[in-house]
Amino acid sequence: MMQKDSKIYVAGHRGMVGSAIVRELKRQGYVNIITRSHSELDLTDQQAVNIFFEEERPEYVFLAAAKVGGIQANALHPADFMYENMMLEMNVINAAWKNGCKKLEFLGSSCIYPRLAPQPMPENCLLTSSLEQTNEAYALAKISGLKYCEYLNRQYGTDYISVMPTNLYGPNDNYHPTHSHVLPALIRRFHEAKLTGAEEVVCWGDGSPLREFLYVDDLANLCVFLMNNYSGDETVNAGTGKEVSIKELSELVAQTVGYEGKIVWDTTKPNGTPRKLLDVSKAAGLGWNYRTELEEGVRLAYEDFLNNPMRAER
């Protein structure tokens with residue numbers, strides 16, 4: 001287990017997940033947390049990453065850094081998503097191994113599972129059939145990261161683990177108009193519609209896809225829990241075990257924001273994967289459960305959006 005003064009590196013500490021992990025570590029009393037911004041350390045630069053690990057020699061690593069985006073961003077820039085994610089993952093994991101890191105935790109995504117995986121999706125359905133095409137490049141990069149951890153464990157006896165979160169939201173989210181995920185995109189869209197008095201808001205698809213959402217601070221709590229309580233090659237799903245349709249989610253966001261206009265569905269736009277519910281029985285069996293219900297989480301996320309207007313420009 002990590003000690004309160006253990007040297008802990010959080011890669012991607014300015015992102016939504018990384019910043020939540022830093023908050024959770026501090027909340028639990030960990031005092032020796034190492035961070036580097038992108039301007040200080042480009043994780044796609046292998047030489048720079050090797051030098052950093054040689055100098056700092058962190059004992060524990062949370063690898064939360066990633067190039068992320070929604071359906072449109074993934075569809076428009078698949079080469080960028082694959083290259084940048086694979087480069088930074090391999091650089092960090094390899095440098096951690098070469099410099100004697102005691103334990104590393106790799107953060108993936110539920111998009112690694114097949115498009116038509118059994119529902120809810122168990123950890124062992126990985127690589128059993130084809131991926132969702134709209135985010136295949138990102139998924140392949142994440143699969144490569146978790147498999148590299150598995151292979152290091154097998155070949156060199158490391159203790160590297162991975163966790164696969166469902167759709168995340170919460171403080172420090174990305175609200176960019178074209179590069180954000182569905183929930184923050186809806187928050188921004190309905191907020192702006194309320195401000196301009198728009199009579200209707202257009203949403204992609206037909207609203208039928210089912211999605212699961214986990215508040216990011218709950219994920220961070222699980223990440224620290226797993227670092228201290230889990231070892232194994234198989235990943236651990238991170239979710240709530242509950243799902244909601246995009247139509248229901250849109251109505252919840254509109255209600256939270258206070259938008260009273262009409263919601264219109266553009267069926268010429270893609271729906272994405274029809275259903276993505278994680279089997280979270282493994283995490284529950286280890287003794288962990290989420291705490292934040294969706295209604296409360298959306299309220300907290302909207303408060304964060306209002307209190308940090310510059311995030312809408314990212």
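Note: hydrogens, waters and symmetry copies are ignored here, and every other heavy atom, side chains too, is used.
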Linking I/L/V/M/F/W/Y whenever any side-chain heavy atoms sit under 4.5 Å apart, do [X] and [Y] land together?
X      : Y      : value
Ile246 : Ile187 : yes
Val280 : Val163 : no
Met90  : Leu41  : yes
Tyr83  : Met86  : no
Leu107 : Val236 : yes

Looking only at heavy atoms, which two atoms of [X] and [Y] are closest? And how far apart?
X      : Y      : value
Trp265 : Gly205 : CB-O, 3.3 Å
Phe190 : Cys203 : CZ-SG, 4.3 Å
Ile161 : Leu226 : CD1-O, 3.7 Å
Asp173 : Pro184 : OD2-CG, 3.4 Å
Tyr175 : Ala301 : OH-O, 3.4 Å
Val216 : Gly170 : CG1-CA, 4.1 Å

>> I'd like to know whether CD of Glu260 has more than 12 heavy-atom contacts from other residues, nucleotides or ligands below 6.0 angstrom.
In response: no
> Should the heavy atoms of other residues, nucleotides or ligands under 6.0 Å from CD of Glu40 be counted, would the total exceed 12?
Replying inline: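 Yes.
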> Hey, does the Lys NZ or Arg CZ of Lys194 hover above the aromatic six-ring of Tyr259, less than 6.0 Å from the centre and inside 45° of the axis?
Replying inline: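 Lys194 over Tyr259 ring: no.
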Flag, side chain of [X] to backbone of [Y], donor-acceptor distance under 3.5 Å:
X      : Y      : answer
Arg189 : Val201 : no
Asn85  : Phe81  : yes
Glu123 : Asn237 : yes
Glu56  : Pro58  : no
Thr166 : Glu212 : yes
Arg211 : Leu183 : no

Within-4.5 Å side-chain heavy-atom neighbours: [X] and [Y]:
X      : Y      : result
Lys26  : Ile33  : yes
Asn32  : Ser6   : no
Met2   : Val224 : yes
Ser162 : Met164 : yes
Val17  : Phe62  : no
Cys125 : Pro114 : yes
Trp97  : Leu104 : no
Val244 : Leu294 : yes

> Can Asn172 and Ser19 be said to form a side-chain hydrogen bond (donor to acceptor under 3.5 Å, both in side chains), step by step?
Replying inline: CA-CA 8 Å; Asn172 205 24; Ser19 60; 3.2 Å; yes
>> For a side-chain hydrogen bond (donor to acceptor under 3.5 Å, both in side chains) check, start with the C-alpha distance between Asp80 and Tyr138, then their side-chain angles and the critical distance, and finish with the verdict.
In response: CA-CA 9 Å; Asp80 296 342; Tyr138 180 72; over 6 Å; no
Side chains of [X] and [Y]: do they bring a donor and an acceptor to under 3.5 Å?
X      : Y      : result
Tyr30  : Asp5   : no
Asn91  : Asp45  : no
Asp304 : Tyr169 : no
Gln28  : Glu24  : yes
Trp288 : Asn221 : yes

Say you draw a straight line from [atom1] of [X] to [atom2] of [Y]; how long is it, rounded to the nearest 0.5 Å?
X      : Y      : atom1 : atom2 : result
Leu25  : Cys223 : CG    : SG    : 9.5 Å
Glu136 : Cys111 : CD    : SG    : 10.5 Å
Arg23  : His13  : CZ    : NE2   : 12.5 Å
Leu88  : Gln46  : CG    : CD    : 12.5 Å
Lys276 : Tyr113 : NZ    : OH    : 11.0 Å
Asp266 : Trp204 : CG    : CH2   : 8.5 Å

> Checking side chain to side chain contact (heavy atoms under 4.5 Å, CB included) for the pair Asp279/Met121: CA distance, chi angles, key distance, verdict?
Replying inline: CA-CA 5 Å; Asp279 181 343; Met121 297 182 286; 5.7 Å; no
Any carboxylate oxygen within less than 4.0 angstrom of a Lys/Arg side-chain nitrogen, looking at [X] and [Y]?
X      : Y      : result
Glu234 : Lys282 : yes
Glu59  : Lys102 : yes
Arg299 : Glu295 : no
Arg275 : Glu243 : yes
Glu200 : Lys262 : no

Is it the case that the ring center of [Y] lies less than 6.0 angstrom away from the ring center of [X]?
X      : Y      : result
Tyr9   : Phe52  : yes
His191 : Tyr302 : yes
Tyr290 : Tyr215 : no

> Can you check side-chain hydrogen bond (donor to acceptor under 3.5 Å, both in side chains) on Asp233 and Asn153, steps first, answer last?
Replying inline: CA-CA 7 Å; Asp233 291 340; Asn153 291 346; 3.0 Å; yes
> Checking side chain to side chain contact (heavy atoms under 4.5 Å, CB included) for the pair Met16/Asn174: CA distance, chi angles, key distance, verdict?
Replying inline: CA-CA 8 Å; Met16 177 173 62; Asn174 173 17; over 6 Å; no
>> Show, in sequence, the C-alpha distance, side-chain angles and deciding distance for Ile143 and Leu127, and conclude whether the side chain to side chain contact (heavy atoms under 4.5 Å, CB included) test is met.
In response: CA-CA 9 Å; Ile143 291 170; Leu127 295 176; 4.0 Å; yes
> Which residue pairs pass the salt bridge (Lys or Arg N to Asp or Glu O under 4.0 Å) test with at least one member in residues 153-165, sequence neighbours excluded?
Replying inline: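 Output for this query lists Lys103-Asp159, Glu150-Arg154.
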> Which is it for Ile93 and Leu152 under the side chain to side chain contact (heavy atoms under 4.5 Å, CB included) test, yes or no, and what are the steps along the way?
Replying inline: CA-CA 9 Å; Ile93 298 168; Leu152 285 172; 3.5 Å; yes
